[in-house]
Structure formats: C-alpha cells, structure tokens
Amino acid sequence: MILLDILSDALFAAIAGIGFGAISDPPFRAFRFIALLAAVGHACRYCLMTFADIDISSASLAGGLVIGFGSIWLGKFIRCPMTVLSIPALLPMIPGKFAYNMVFSQIMFLQSSLPADKEKYMEMFFSNTMVTCTVIFLLTIGATLPILLFPKRATSITRRKKS
Amino acid sequence: METYSEHLRDVSRFIAEYSAHMMACGVHTSRIVRSAKRIGESFGYLVNLSVSQKNIILSVTDTNSHGHYNEVTDIPVHHISFEHNSELSALSWETYDNHLTLEELKEKYYKIINAPSIHPLMVLILAGLANASFCRLFGGDWCAMGIVFSATISGLYLRQRMAAAHINTFIVIIVSAFIASLCASTSLILDTTSDIAIATSVLFLVPGVPLINGAIDIVEGYVLTGFARLVHAALMIICIAIGNSLTLILIKNSLL
C-alpha cells in the first residue's frame, strides 16, 4: 500500500512535469527524462515528508538537489542543457496550496472587520507566505548547486563527443 | 582588407542576432555569453558582450588585424523555447569543433529557429493533464481533477489567443488566471475538494523559467540580469494572484 502511494505520487508528478514542460516547448527527446526527474524528485520529497517526518522546506531542498544532480547527469545522454530538464521537473514541487492560501488569507484579512478574524488571517498569511517563499527559494538552490559544483560539465553538456 | 572586415561585420551581426534570440527564448545569461564567445573564437575573433533584459551590446575584435566591430541589438519578443535553448547551444559547440563557415552556420541557425514547435492543441491537452495531476498531488479527488483539467484548457487557450494578438503579458496573465479559477469555481456546486481545484487551476501560469534563470544568473555573477528576471517573475506571480483574487472575491462566501 505504501509502495502504491509512492508510485502514484511519482506517476502524477511525472505527468505534471511533462505537461508543464510542454508549455515551454522542449525537444521531444527530453520528455522521458523530464518525466523521470519529476517523478523521482517528487517521490523523494513525498517519502521524506511522510515517512521521515521532515518539513516541506527541507524535503523540497532534497528533491531539488535530486533533480539538479539528475539533470546534469542525464542531460549528457541527450545533449540537453540541464535547465531544460530541471525547470519542468521542478514545477510539480511548487507549493501551490500554500500560495493559494496566501492570496486567500490576504483577501480575508482585508475584508474582515473583527480583530479576532484579522489576527487569524494575518497569522495564516504569514505562515503560508513563509512556506511558499522558502520552498521556492530552496528548490532553486537545489537546482543551481550542481552548476556551481560541476561548472565544466554543466557548460559542455551539449557538446558532441569527438569521434 | 575590405572583404576581411566585411566578414567581421557579418559574423558580428550574426552573433548579435544569435545571442538576442537565445535571450528571448529563456536561456540564462552565462550560457549566452559562453556560446557567443565560442562562436567568435571559432572564427578567430574575440567577443565581449554586455547583456541586459532589453538589449545586448557586443564588441567583436579580430585578434590578428585588431579591427573591431560594435553592435547594439534589441532583444525580440519570443515565447520560451527549450528546444531552441538546447539546439542553439549545441550549434555553438558544433561551430567550434567542426569550424563551420558563416554560411553553414547561418543555414543551420535558420533551420533551428524555423523548425515547427509542438502543436498548440497538444500543449493544451498536456498542460490540462499536468494541472489535473498537480491537483491530485495536493489531495484533490477525481471530480476536482476533471474540473481542473477543463479550467486549465480554458485558461491556457485564452492565454495562447491573447498572446497571439500581442496583448500585454501582464493583462494576459490576469485574465487567464481569472478565467481559469472562475471555471474551477464551478466545483463549488459539486461535493468535491473545491478549494484545491481553485488553488491548482492557475498554477500552469507559474513563471518557472525566469525564476530559476534569475537565481542562476545571480549566483553566477550576472546580478543585474538575474534581478531583472526575478522582478519580471515576481510581477507575473502578482498577476496570477490578482486574477485568482478576483475569483475569490466573487465566491468567498461559498468557500467559508
């Protein structure tokens, strides 16, 4: 049952990665690796959050790192720059629910008149904003770190091997 | 001597067009600079360029004759294309490794940028499925997924049509986010996870490319272009929030 949960999480993340990738017009050969990276990255975050009880921000950093290192490694096989693989694969990890709550609580704060309500929505706004911003920031760090660690490989990823 | 400097001019103009096109289709700055320098190097020229969000200034010097040519070019409006990103980057390596002539290089370049992209209908379906899966990841049920699928298709179709009519990007995003979330709010009629449906319906608009490229630019030292990209991404996210807010203001009583 646990395995089924992880697999379904990975499957839906893969579909999400492919679809978000399609909006940015990637090369056809990149789709399978985008799907793979999105699935592995999201499943990694899911496992850390569900089984190791790690918070969403740290788990997102781990997911981002998996995608970042995966894209620098897999990119070489299909001669695609790592951002082509990593950006669509990261998108399914954007904390949409928190971002939505951020907007929702802001509107409710502005439109409520009771101090108790205002306080509740203010607290909701800050906690959701904090999570949204931190997760997006850490995802970006995770995807960028491999470029800093392996600059030579990152810059020659589209070069054909000399025969 | 005359033909030589003409060659320098032609190569410089090509590099200006090449780097402006790369910037327009969402490539991070250091890759553009490296690719441009690489192409210049394969012709024996030294290329220096300064990239900003709207223009590229470049100076190309012939290391033998010390002749040089300057060019300032505007960055055209182009949709983000990972295909062009990878193919143009690979083209710079091919030029460097195989010493292509300018004619061969131009031929390959125009072949890449005129190649057909994915059919818009295919993009609509894939993006719809993606957002529906996203809804599932946040705990939405099958009914909410169906609603998000149709809401995404409506919002994205509207975005494609408005972008084709050259309407301002920010207005396009506000309207698409409003329509997508309004379509998703039909879930309130049904007994389903409507808040998740409304939350995920607008996420196909998230500007992932400028966000990540901005961060990469900043850590690689291109702080100005990096910030310009991040500011642009932040404005787009604010527009998504505005579009979503308009729906929430209309329906908030049903959500509480």
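Below 4.5 Å, heavy atoms of chain B meet heavy atoms from A:I136, all part of residues 123-136 of chain A. Below 4.5 Å, heavy atoms of chain B meet heavy atoms from A:I87, A:P88, A:L90, A:L91, A:P92, A:I94, A:P95, A:G96, A:K97, all part of residues 86-97 of chain A. Within residues 41-70 of chain A, the residues having any heavy atom under 4.5 Å from a heavy atom of chain B are, by residue number, A:H42. Residues of residues 213-220 of chain B lying under 4.5 angstrom from chain A, judged on non-hydrogen atoms, are B:N213, B:A215, B:I216, B:V219, B:E220 by number.
Interface remark: A:I107 contributes side-chain atoms only to the contact with chain B (heavy atom separation under 4.5 Å). Proximity to chain B (any heavy atom under 4.5 Å) is restricted, for A:Q111, to the side chain, taken from C-beta onward. Contacts between B:E87 and chain A at a heavy-atom distance below 4.5 Å involve the side chain alone, from C-beta outward. Both the backbone and the side chain of A:A13 come within less than 4.5 Å of a heavy atom in chain B. Within the 4.5 angstrom heavy-atom criterion, atoms from both the backbone and the side chain of A:I15 approach chain B.
Here the straight-line distance linking atom CD1 of A:I23 with atom CD1 of B:I80 works out to 10.5 Å at 0.5 Å rounding. Distance check, rounded to the nearest 0.5 Å: CZ of A:R79 to OG of B:S89 gives 9.5 Å. From A:Y100, atom OH reaches atom OG1 of B:T200 across 10.0 Å, with rounding to the nearest 0.5 Å. Within the model, atoms OG of B:S30 and CD1 of A:I147 stand 7.0 Å from one another, a figure rounded to the nearest 0.5 Å. Considering CZ of B:R31 and CE of A:M82, their distance stands at 9.0 Å, rounded to 0.5 Å. Rounded to the nearest 0.5 angstrom, A:F31 CZ and B:I118 CD1 are separated by 4.0 Å.
Annotation: B:I113, atom CD1; neighbour count of heavy atoms from other residues, nucleotides and ligands within 6.0 Å is above 12. Taking a 6.0 Å sphere around CZ of A:F77, one finds it holds more than 12 heavy atoms contributed by other residues, nucleotides or ligands. Counting non-hydrogen atoms of other residues, nucleotides and ligands closer than 6.0 Å to OH of B:Y157 gives a total of 12 or fewer.
The nearest pair of heavy atoms linking A:G19 to B:A130 is CA-CB, 3.4 Å.
Looking only at heavy-atom pairs under 4.5 Å with chain B, the residue among A:P151, A:P27, A:A143, A:A99 that has the most is A:P27. In terms of heavy-atom pairs under 4.5 angstrom with chain B, the leader among A:A30, A:A22, A:P81 is A:P81.
Aromatic rings from B:F134 and A:F12 are positioned such that their centres are separated by 6.0 Å or more.
Looking only at side-chain heavy atoms (C-beta outward), A:V84 and B:E83 stay at 4.5 Å or farther from each other.
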